[in-house]
Amino acid sequence: MRSDRASVKGRAPHALRRLRKCATSLATLPALRMRLSQILISTLRDDPADAEIPSHKLLARAGLIVKIAAGVYTFAPLMWRTVKKFAQIVREELDREGANEVMLPIMQPKELWVSSGRWDRYVNDGIMFTLKDRKGSDMCLGPTHEEVMTAYVNAQVNSYKQLPVNCYQIQDKFRDEIRPRFGLMRGREFIMMDAYSFDADQPGLDAAYQKMRNAYCRIFERCGLAYTVVQADSGAIGGAGSEEFMVIADSGEDSILFCRESGYAANVEKAVSKLPPAPAGGEPKPLQTIATPDVKTVAQLEAFFPGWTAARMAKTVLYHVTWKAKAKVVAVMMRGDLEINEVKLTNALDALAVRLATDDEIKAATGADVGFAGPVNLPEDVPLLADESLQGVTNLLTGGNKTGYHCLDVNLGRDCRMPSWKELRTARAGEGCPVSGKPLEQARGIEVGHIFKLGIKYSKAMGATFMDQGGKPVPFVMGCYGIGVSRTPAAAVEQSFDDKGIVWPPAIAPFECVVAMLDPKRDEQVALADALYAELKAAGVDVCLDDRAMSPGAKFKDNELLGFPVQVFVGRKAAEGGVEFLVRKGMQKSECAAAEVKAKVLAALGR
RNA sequence: CGGGCUGUAGCGCAGUUUGGUAGCGCGACUGGUUUGGGACCAGUAGGUCGCCGGUUCAAAUCCGGCCAGCCCGACCA
């Protein structure tokens with residue numbers, strides 16, 4: 001090796017030496033300037049027709065993202081700078097916790113997914129992009145990387161002495177979303193950081209999880225985002241816990257409930273609440289069946305039976321439930337004034353999926369048309385679940401299981417089977433916080449991060465084990481952790497914009513500062529702008545020089561739209577050393593002397 | 001997967017009802033005049049009207065099929 005190297009160098013081929021001579025010496029190159037005139041920027045005057053939410057409109061109008069297909073985008077140079085800056089923050093904070101950055105393949109063989117048992121489900125759900133290679137072998141584009149990472153670590157780690165291990169990557173992900181929308185928020189190709197921790201036992205996992213949680217908090221804090229950590233549904237996987245990091249924004253796809261008093265916060269999919277009890281039904285009365293033609297909804301029943309409030313009614317909703325090997329129609333009872341949470345229902349049944357039964361399925365299962373389902377005389381083969389809110393409630397009003405009839409004074413267990421009690425209710429704003437009892441508040445959130453205690457689901461399925469101290473093979477105890485790397489900058493825009501355009505948080509702005517010469521044909525403006533650029537650059541500011549030939553008005557508008565946090569305009573007062581200074585957030589504009597610029601920029605950036 | 005809407009120049013749109021051989025604004029290009037809030041004047045280029053088929057002397061326009069995109073539904077017993 002050593003001698004090979006030396007000899008190659010010593011006998012460099014003639015042609016290679018010539019090549020070297022052609023290269024320009026670095027010392028003779030002019031100082032590097034980030035000039036906007038050399039960066040591909042194409043802002044639009046109008047909002048694109050297909051954009052709905054502010055971040056999508058603004059990112060598209062600023063030319064920062066360009067759609068190539070539904071949910072598939074090109075990142076323009078300035079946007080890519082932003083994404084790279086965010087990715088770098090993610091890297092720094094994960095590395096601080098001892099995680100290892102790797103790069104896993106996007107294209108993956110079917111066998112890997114079969115080994116974890118996920119191939120059929122992902123293919124049937126249509127969420128995975130699949131393809132065949134020239135030999136006809138099935139491949140897929142990774143929607144997530146548990147399989148690859150588990151296989152990788154399993155192959156490298158044999159002993160408990162090598163644990164814990166935490167690896168992550170920042171990589172393109174592919175999911176064939178049912179409905180791609182909102183620009184970068186829900187794309188079919190997107191960038192994600194996914195990390196996976198491997199521990200010997202549960203306490204190890206708990207510690208790994210906590211480290212990641214801390215890192216995530218630092219990441220979103222550094223970006224200047226208003227975010228909250230909420231309890232999240234952990235899906236059919238179960239597990240000890242899962243939390244989501246939510247950026248608060250009106251356009252968020254998730255609904256969260258929270259309490260200022262106790263700090264309780266949860267995704268509505270998971271949230272629980274304290275509920276005012278239903279009005280007392282009194283001592284059990286005899287069951288009655290009453291003709292209620294065309295009365296099908298709770299609202300109609302309240303009108304039909306004056307005095308009966310929805311809280312004393314029990315609606316019976318029929319669901320078509322799918323498990324791995326079977327499917328069935330299930331009856332679910334809920335207090336009339338409350339709503340069923342389908343995520344909780346799916347979990348309670350340990351099912352793959354639930355959906356409302358069709359009219360035909362309802363008729364087949366209950367013998368009655370839609371609107372008249374109830375527990376009384378419900379066929380034995382239809383499982384009966386009920387929400388805990390109905391527990392102990394006497395003399396209920398329910399459907400009669402017969403078209404055109406409802407039952408009054410139904411008492412569960414007496415007039416029908418005793419249902420299986422579950423917590424199935426959707427918590428709502430205004431109901432009591434489960435911790436403090438104070439009314440819960442509601443907000444919309446954009447999920448930018450999700451951390452998850454996986455346990456041994458994948459390691460067990462895939463036979464990924466290490467040798468413990470007793471010399472026995474034991475499955476890894478895993479955690480997985482994701483951050484939407486392309487989504488988070490979009491969420492930042494969603495949280496920070498005004499009528500003039502984007503207002504980037506400094507930490508992830510394409511540039512922290514722009515120095516714009518309003519007339520690049522005037523030597524004194526060019527010279528002053530260039531000097532200020534050099535001074536700011538030397539002071540560690542990520543600055544660019546706007547030397548584009550445009551009218552002053554256009555230049556103001558363009559920079560406002562692009563949203564650089566600090567903007568310095570060199571114009572007609574350049575000869576006297578005067579410039580204009582703009583803090584984009586709040587649009588505070590002032591004039592100052594060139595000599596003050598550096599201090600003002602650093603102050604505006606909080607340094 | 002259902003329901004609705006849309007597809008005409010790089011972008012935003014009109015024209016389709018009542019068929020007659022394609023237009024507006026922005027943008028682009030050339031020349032000139034400009035230079036503090038998306039400048040002005042003159043000129044130029046750019047469109048198989050999403051695709052395929054049908055009706056017709058004639059189709060952006062009418063009919064059929066397909067494709068693409070967007071919005072909504074997925075709390076109703």
Side-chain angles (χ1 to χ4, degrees), chain A residues 42-53 56-57 60-61 63 66-72 125-126 178-183 255 268-269 292 294-301 310 313-320 329 331-334 336-345 353-359 361-363 365-366 368-375 378 397-406 424-426 428 500-501 516-522 525 548-561 569-574 578-580 582 587 589 591:
Chain A
S42 47
T43 51
L44 267 31
R45 207 173 257 252
D46 301 307
D47 282 335
D50 59 2
E52 275 304 291
I53 63 171
H56 186 191
K57 284 182 185 172
R61 190 153 90 81
V66 181
K67 185 169 71 178
I68 192 75
V72 184
D125 286 355
I178 299 170
R179 189 135 91 87
R181 61 183 146 177
F182 298 155
S255 188
V268 73
E269 294 177 347
T292 52
D294 294 328
V295 178
K296 298 178 182 177
T297 67
V298 169
Q300 289 167 344
L301 284 165
M313 300 179 189
K315 53 188 176 189
T316 305
V317 184
L318 289 137
Y319 276 93
H320 179 96
V329 170
V332 183
M333 297 184 68
M334 175 60 66
D337 58 333
L338 305 174
E339 286 148 9
I340 294 170
N341 180 327
E342 295 186 356
V343 174
K344 290 182 180 177
L345 178 63
V354 302
R355 61 161 171 82
L356 288 171
T358 63
D359 291 3
E361 287 164 349
I362 291 171
K363 182 108 191 183
T366 67
D369 286 340
V370 177
F372 301 99
L378 185 73
L397 191 163
T398 74
N401 267 342
K402 193 167 147 192
T403 302
Y405 290 89
H406 279 79
L424 300 172
R425 178 170 57 88
T426 303
R428 291 181 297 205
K500 300 193 182 303
M517 48 191 97
L518 290 177
D519 187 351
K521 289 209 282 286
R522 291 190 170 273
Q525 290 189 21
R548 296 174 296 168
M550 349 169 42
S551 70
K555 191 161 275 191
F556 290 134
K557 291 266 192 257
D558 218 50
N559 280 298
E560 282 157 9
L561 174 61
F569 294 100
V570 178
R572 54 167 59 131
K573 291 190 179 159
V579 303
E580 241 169 278
L582 173 70
M587 287 298 288
K589 204 163 195 177
E591 292 191 5

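Convention: sequence-line order gives letters A, B, ...; per-chain numbering from 1. Small disclaimer: the values here were computed from a predicted structure and weren't measured.
- The environment of NZ in A/Lys344 is crowded: more than 12 heavy-atom neighbours from other residues, nucleotides or ligands sit within 6.0 Å.
- The two residues A/Asn559 and A/Ala516 have their closest heavy-atom pair at ND2-CB, 4.4 Å.
- Closest of all the heavy-atom pairs between A/Lys402 and A/Phe372 is O-CB, 3.6 Å.
- The partner of B/rU34, taking Watson-Crick or G-U wobble pairs whose two distances both stay under 3.5 Å, does not exist in any strand shown.
- Judged by the 6.0 Å distance and 45° axis criteria, A/Lys500 is not positioned over the aromatic ring of A/Phe556.
- A/Asp558 comes within 4.0 angstrom of a nucleotide base, judged by non-hydrogen atoms across all strands.
- Looking at the side chain of A/Ala70, the nearest of the listed nucleotides B/rG12, B/rC71, B/rG69 is B/rG69.
- Under the Watson-Crick and G-U wobble criteria, each requiring two contacts below 3.5 Å, nucleotide B/rG73 is paired to B/rC1.
- For A/Val298, taking side-chain heavy atoms from C-beta onward, the closest of the listed nucleotides B/rC11, B/rC72, B/rA77 is B/rA77.
- With distances taken from any side-chain atom of A/Glu339 to the nucleotides B/rC75, B/rC71, B/rA77, the minimum falls on B/rC75.
- Residues A/Val370 and A/Asp50 both approach RNA chain B. Their nearest nucleotides, taken by heavy-atom distance, put A/Asp50 toward the 5′ side.
- Between A/Met313 atom CE and A/Leu301 atom CG the span is 5.0 Å, to the nearest 0.5 Å.
- To the nearest angstrom, C1' of B/rA77 lies 11 Å from CG of A/Asn401.
- For the pair A/Lys557 NZ and B/rC26 C1', the interatomic distance rounds to 15 Å; values are reported in whole Å.
- In A/Arg428, the CZ atom is crowded: over 12 heavy atoms of neighbouring residues, nucleotides or ligands sit closer than 6.0 Å.
- Listed here is the closest heavy atom pair of A/Met333 and A/Ala314: CE-CB, 3.6 Å.
- Nearer the 5' end of RNA chain B, as judged by each residue's closest nucleotide, is the contact made by A/Phe182, out of A/Val268 and A/Phe182.
- Checked for salt-bridge contact, A/Lys573 and A/Glu591 meet the test: a charged N lies under 4.0 Å from a carboxylate O.
- When heavy atoms are screened at a 4.0 angstrom cut-off, A/Glu560 is found touching base atoms of the nucleic acid.
- Interatomic distance, A/Glu361 CD to A/Tyr319 OH, rounded to the nearest 0.5 Å: 13.0 Å.
- Minimum atom distance to the side chain of A/Leu44 is reached by B/rC11, of the listed B/rA77, B/rC11, B/rC71.
- Under the Watson-Crick or G-U wobble criterion, with both distances below 3.5 Å, B/rA68 is paired with B/rU6.
- Between A/Asp369 and A/Lys363, the shortest heavy-atom distance links the atoms OD1-NZ, 2.9 Å.
- Nucleotides B/rC52 and B/rU8 place their P atoms 15 Å apart, quoted to the nearest Å.
- Remark: B/rU16 base-pairs with no nucleotide in the shown strands. Criterion, Watson-Crick or G-U wobble with two distances under 3.5 Å.
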Please write out the pairs of protein N or O atoms and N or O atoms of nucleotides 43-47 of chain B separated by less than 3.5 Å, giving the distance to one decimal.
none

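- Counting to the nearest Å, the P atom of B/rC75 and the CD atom of A/Glu269 are 13 Å from each other.
- Using a 4.0 Å cut-off between charged nitrogen and carboxylate oxygen, A/Asp519 and A/Arg572 do not count as a salt-bridge pair.
- Rounded to whole Å, atom C1' of B/rC26 lies 14 Å from atom CG of A/Asp47.
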Would you tabulate the nitrogen or oxygen pairs shorter than 3.5 Å linking the protein to nucleotides 32-35 of chain B?
| from | atom 1 | to | atom 2 | distance (Å) |
| --- | --- | --- | --- | --- |
| B/rU35 | O4 | A/Lys521 | NZ | 2.3 |

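- Between A/Ile68 atom CD1 and B/rA68 atom C1' the separation is 13 Å, expressed in whole Å.
- Closest heavy-atom contact between A/Gly374 and A/Thr316: CA-OG1, 3.5 Å.
- Within 4.0 Å (heavy atoms only), A/Gly399 reaches no atom of the nucleic acid at all.
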Can you check nucleotides 1-6 of chain B for protein contacts, nitrogen or oxygen pairs under 3.5 Å, and list what you find?
none

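- Using the Watson-Crick or G-U wobble rule with both distances under 3.5 Å, B/rC29 pairs with B/rG43.
- If you take CG of A/Leu561 and P of B/rG37, they are 19 Å apart, rounded to a whole angstrom.
- Within the nucleic acid shown, A/Glu342 comes within 4.0 Å of at least one base atom, counting heavy atoms only.
- The CZ-P distance, from A/Phe556 to B/rG37, rounds to 8 Å in whole Å.
- With rounding to whole Å, A/Asp359 atom CG is found 16 Å from B/rA74 atom P.
- Within 4.0 Å of A/Arg61, counting heavy atoms only, lies at least one base atom of the nucleic acid.
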